[in-house]
Amino acid sequence: MLSPTVSSRQLPPLQNTPTQNTPKGPNPCPPSNLPANHFSSPSQLQQLHSHLIKSGRPLSTLPLSQVAAVCALSSPSAFSYARQIFHRAAHQPETVLWNSHLNSLASSAFPADALALFARLRRSDIAVDTFTLSFVLKACSKLSAVPLGRAVHGLVEKLGFHSDLFLLNTVLHMYASCGEMDIARLLFDKMPIRDVVTWNIMITQCTKVGEMDIARELFDSMPERSIRSWTALIAGYVQCRNPRQAIHLFHEMEAAGMRPNEVTVVAVLAACADLGALDLGRRVHGYSDQCGFQKNIRVCNTLIDMYIKCGCLEIARRVFDGMEVRSVVSWSAMIGGHAMHGHGEEALELFSRMTQAGFQPNAVTFVGLLHACSHMGLLEEGRRFFASMSRDYGISPEIEHYGCMVDLLSRAGLLEEAHEFVRNMPVEPNSVVWGALLGGARVHKSIKMGEEAIRHLSVLDPLNDGYYVVLSNIYADASRWEDVARMRRLMRDRGVKKTPGWSTVALDGVVHEFVAGESDHPQVEEIYRRWEELLEKLRHRGYVPDTSAVLLDMDDGEKEQVLYRHSEKLAVVFGLMSTPPGTPIRIMKNLRVCSDCHAALKMISEIADREIIVRDRNRFHCFRGGSCSCRDYW
DNA sequence: GTAGGGTTAG
């Protein structure tokens, strides 16, 4: 096989050694004009090598990075073979060549290969430098391989690299990203020199483990901040669901004269999505386009999500349509967005377009699809998707998918089947799953199933008032007043506090917040007066207050007064009186819209001839002309 | 040839 002109001393026998990534089948004979980069196994390299020698061409025409890639993790003999080639053909030190390949392995999807190569380098006499160690540390970080990372840290000290800031930062990042914050902190504190990267590593990793106060302290005490420092902290606030703080910091950053980059933009848009802050979202969108960020797929995905969560499905669609390259995230965001807005058919349509375009759906895609089905009562479609996800796409259902199925079945009135489904789930049902069954029990007035759900919920999530309220509503529907009173006592005895309901409505960039029963808005007098006027019209059209949602020990008249102070009613009235006719009113609410408000808002949309868009904790309700986009299926 | 942010569910 080997050319006789190549001596076996120069080239160890390789033809029978196992190789990685080698195509099966016979090795092709080297054609007379074989290109110098055509080899994918050590034996093919050997053929090429002998061919070069025969044809008198220099060895330096071999692509050396390819030599490293092909020989690094094959047999030890292939490794030595590559070294021989390097010695003869390379103009740079051998360490540099191996380092380069080590880096590509560490950056690949299989960083463990980098560790294997490092082990081989250590067994040889090849010198290790600061670059070698920083690439190995990168692989350790990705694999959370702390013991090996510690050993490499030891090597850093032993080889006298302890004053190399670049390397020390990599060591710091290794400990911190593996969750070893105590070690990272000790190292940070005794580092003789630090730079902005050092601080940024600490800030980022603190935010990752939820230590926002420490992250903030570090941020405040660092000698100079880069855009990455600001971004890391903003993204941290977004991550731990503190979007207000994120936006506050963003404004501080702008005041400090820093220019947001793509990552900053993503973080701020995510905060806008969370808060429903459409005005800021739009401004950041404009800035982002000016900077040419519209080519960035993550920026676009986050824009889509922001517009969806701010109730602007059409603008989200425009961003989506304008994308040159999309990812599964773009499609999933659109599918989930349509589900949230009650456009089940469009969600399903998007899914089929997505698969036709050759995209593989992931677990999140199916959460969106199942939501679409459950929000629209598409029972059979939902069952089909659930079966299809593991069968056709190899995606194992997670707790979210089971939750969607329980929601779907129980809303459809198949409470027994839903219960059976919960009992047979291969994962432990959580409060979302039992909560879905409870919701179905409410819709279908099943005391038995409601009690079964609460039995589990009072263990899983004992302080959540919402569940007790729902069961109490079921009792109230059946006129079981002693049980209603019992629930009230139970809540009191367990110390369950009622979550105050709030709604916000944004006008000219100012967010007005209304809290149920509270009256500290400057225009409260006028709001109440306008509500009374509206109430007259509502009554005239047959509105009857539904007091079943009021879980308080009081008479019906008092209960009505409580209902009339529900935050979304106040927000709507304020929106109506503060905007010109025809302007859509956008409201955000922290809880779900109660049945009474839902009925009232439908009528108000007709009486006032306004579109009212409410984002509640579950989904969007778009009230228009007397009906709601959820088709009362929420 | 080295180090530090980011997207869809919740």
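Keep in mind that the numbers below use all heavy atoms, side chains included, and drop hydrogens, waters and symmetry copies.
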Discussion item. Angle between ring planes, A:W434 versus A:H456, binned at 30° and 60°: parallel, tilted or perpendicular?
Written reply: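 A:W434 vs A:H456 ring planes: parallel.
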
Practice prompt. Just do the salt bridge (Lys or Arg N to Asp or Glu O under 4.0 Å) check on A:E180 and A:R150 with the steps written out, would you?
Written response: CA-CA 11 Å; A:E180 299 286 347; A:R150 271 179 181 273; 5.5 Å; no

Does [N] have OP1 or OP2 under 4.0 Å away from a side-chain N or O of [X]?
X: A:H401; N: B:dA9; value: no
X: A:K309; N: B:dT7; value: no
X: A:K138; N: B:dG4; value: no

Item to complete: Assert yes or no for the condition that the ring centre distance of A:Y175 to A:H153 is strictly below 6.0 Å.
Response: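 Yes, the ring of A:Y175 comes within the 6.0 Å limit of the ring of A:H153, centre to centre.
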
Worksheet item: A:N301 has an atom CG; how far is it from atom C1' of B:dG6, in whole Å?
Response: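 Result: 11 Å.
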
Using a heavy-atom cut-off of under 4.0 Å over every strand shown, decide if [X] touches base, sugar-phosphate, or nothing.
X: A:V196; answer: base
X: A:V299; answer: base
X: A:T204; answer: sugar-phosphate
X: A:D164; answer: nothing
X: A:E262; answer: base

